[in-house]
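Contents: one structure, followed by commentary.
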There are 2 protein chains.
Amino acid sequence: MRKANTKRRSGCPLNASVEMLGDRWSLLVIRDMMLLGRRTFKEFLGSYERPATNVLADRLRRLAAYGIIRTERDPTDGRKLIYQLTPKGIDLAPVLTELVLWAGRHEKTENRALIRLMQKDKEKFLAQIRQRCEQPRK
Amino acid sequence: MRKANTKRRSGCPLNASVEMLGDRWSLLVIRDMMLLGRRTFKEFLGSYERPATNVLADRLRRLAAYGIIRTERDPTDGRKLIYQLTPKGIDLAPVLTELVLWAGRHEKTENRALIRLMQKDKEKFLAQIRQRCEQPRK
DNA sequence: ATGTTCACTTGCGTTTTGCAAGCGACTTGT
DNA sequence: ACAAGTCGCTTGCAAAACGCAAGTGAACAT
């Protein structure tokens, strides 16, 4: 039983975002979909940070309940579910970008190439993500 | 005993951000400092979302350990501590802004005036925040 | 028919959270 | 000087969330 309509703590827009995304896994799942093109439960499990299966299942359920991702069966393999970002999910790209840029400025991290790409032309980068995510995959 | 140097789950810059900020309270504290000018424990307790005292104390400790905020005694009242954003903390303004704009686009929220202000001229808004936070208060 | 893959669920011990109460240092009022 | 706040916490405890390992059922592969 899910509870998408639990009352919010406040009407502040930042609080709304934090209640939907403020945990240690949700944004990483979105990153995997947005930047790495991952789409299945198995693929998300394989991320560097290695979520537990029950937590991953819960996060996917929550993100779907919030309308950030949506699910469909793989037509070529009935066992697989394919998770995709909705427009609302794709629209998180600027948030992801700013979080990456902030960490890039203030922390020692890997993947400097990605950070440089974002810095060089942020709008172009965002446009590429939108284009890549919005059209159905071949 | 605090543990600022616990090993990260991965070197990904997004993961670094999520490990520092990915919970239900940290960004709200930063919002209160950045947008509402709050500076003391008591003031943070008075936010709409009403954090528990132990959680608030923990979050302030963590944010300080990460260098996002810093603490000093109030010279006019020895009981009070004044919490302020460091440059690293002020630099979270674009992240806050994108989170607010995203929620504003996709959720029913209050404070539409703030959202409109951010939409109208994002750079101007960010410049104002930087200016307001960087100079010591009178 | 048998074994494997996939997307989970279940059980269980540990950690984090939320709530209420308390505490010590400092300040205010008399 | 002294009692009564105020401030920034800490402590105790119950409930929820998390991490890990194992298991389950449906769908494929051979």
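Computation of the quantities below employed the complete heavy-atom set of this structure, encompassing side-chain atoms and omitting hydrogens, waters and symmetry-equivalent molecules. The shown structure was predicted, so the numbers you read here are calculated from the model rather than taken from an experiment. In what follows, chains carry the letters A, B, and so on, assigned in the order in which the sequence lines appear, proteins first and then strands, with residues in each chain numbered from 1.
- Residue A/Arg62 contributes atom CZ, which lies 16 Å from atom P of D/dA16 at whole-angstrom precision.
- Residues forming a salt bridge (Lys or Arg N to Asp or Glu O under 4.0 Å) with B/Arg24 (at least two apart in sequence, or on another chain): none.
- Rounded to whole Å, atom C1' of C/dT5 lies 13 Å from atom CZ of A/Phe41.
- The salt bridge (Lys or Arg N to Asp or Glu O under 4.0 Å) contacts involving residues 79-91 of chain B comprise A/Arg105-B/Asp91, A/Glu107-B/Lys88, B/Asp77-B/Arg79, where partners must be two or more places apart or lie in separate chains.
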Tell me, for nucleotides 17-28 of chain C in 5' to 3' order, what letter each nucleotide earns: B for a base near a protein heavy atom under 4.0 Å, S for only sugar-phosphate near one, - for neither?
-> SBBBB----BS-
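- When rounded to the nearest whole Å, the span between CG of A/Leu60 and P of C/dC6 equals 16 Å.
- In this structure, A/Glu49 atom CD and D/dC18 atom C1' are separated by 16 Å, rounded to whole Å.
- Rounded to an integer number of Å, the gap from B/Glu19 CD to D/dC18 C1' is 14 Å.
- Take B/Arg9 and apply the salt bridge (Lys or Arg N to Asp or Glu O under 4.0 Å) test, not counting sequence neighbours, and it matches B/Glu19.
- Within the structure, salt bridge (Lys or Arg N to Asp or Glu O under 4.0 Å) pairs that include any residue of residues 113-125 of chain B comprise B/Glu98-B/Lys122 (at least two apart or interchain).
- Looking at B/Ser17, its side chain does come within 3.5 Å of a backbone N or O of A/Leu99 through a donor-acceptor pair.
- The distance between atom CG of A/Leu45 and atom C1' of D/dC20, rounded to the nearest whole Å, is 13 Å.
- B/Arg61 has no side-chain polar atom (N or O) that falls below the 4.0 Å cut-off from OP1 or OP2 of D/dG8.
- Pairs engaging residues 49-58 of chain A under the salt bridge (Lys or Arg N to Asp or Glu O under 4.0 Å) rule: A/Arg31-A/Glu49, A/Asp58-A/Arg61 [sequence neighbours left out].
- Rounded to whole Å, the distance from CD1 on A/Ile69 to C1' on C/dA7 is 13 Å.
- Summarising the geometry, the separation between CZ on A/Phe44 and P on C/dC6 is reported as 14 Å, rounded to the nearest angstrom.
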